[in-house]
Each structure stands twice: as C-alpha cells, then as structure tokens.
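Counting begins at 1 with the first residue of the sequence. Atoms within each ligand, like the ligands themselves, are counted from 1 in listed order.
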Amino acid sequence: MADSKTPGETKVTGLRAPKPCVMCGKPSDRKFHPFCSKHCADLDLGKWLNGSYAIPVVEEDGAEFDEEN
Ligand SMILES: [Zn+2]
C-alpha cells in the first residue's frame, strides 16, 4: 500500500496558470512577475514613490516642535 501518487492530483501540465497581474488583473508575465508588463511594474513603483502605500515612519525624535527660546 505504498501510495506515492495521489490519483487525480499528479497531473502536472508543466506550467502553472499565471497569476493575474496585481495591478490590472491581466495574466502576469514571468519576466515582470507579479505584473503583466513593465508598465504595470512601473505603476506599482510609482505608487510607492507617491506614497500611496502607507509606509510607517517611526519618528524617534519625539520633539517635532522644540522651541529653544
Ligand atoms: Zn498589468
């Protein structure tokens, strides 16, 4: 009873179905994974640059308004 194969689940077609581009939903390209194209990759980068993604900024200074008079 050495069942090394799981019937029905051993059919490997070689290529996995491409995941949709995280930007536009089109099938992603391996070259630009997880995007479909450089365009979408650039869009994502732009999002970062524009600050659309909330990047937590840790301010350890504490004193943002320090009057030294
Ligand atoms: Zn895309």
Next item on the list: Kindly give the heavy-atom pair with the smallest separation between G25 and P20, and that separation in Å.
Entry: O-CB, 3.3 Å
Next item on the list: First locate atom CZ of F32, then atom CG of D44, and finally report the distance between them rounded to the nearest 0.5 Å.
Entry: 14.0 Å
Check: What residues form a side chain to side chain donor-acceptor pair (under 3.5 Å) with K38, not counting sequence neighbours?
Finding: D42
Notebook entry, point to check: Around the Zn ion (ligand 1), how many protein N, O or S atoms are there at under 2.8 Å?
Noted result: 4
Margin query: Using 0.5 Å steps for rounding, measure from the OG atom of S28 to the NE2 atom of H33.
Written below: 6.0 Å
Note to self: Tell me every residue that passes side chain to side chain contact (heavy atoms under 4.5 Å, CB included) with H39, counting only those two or more places apart in sequence or in another chain.
What the structure shows: S37, L43
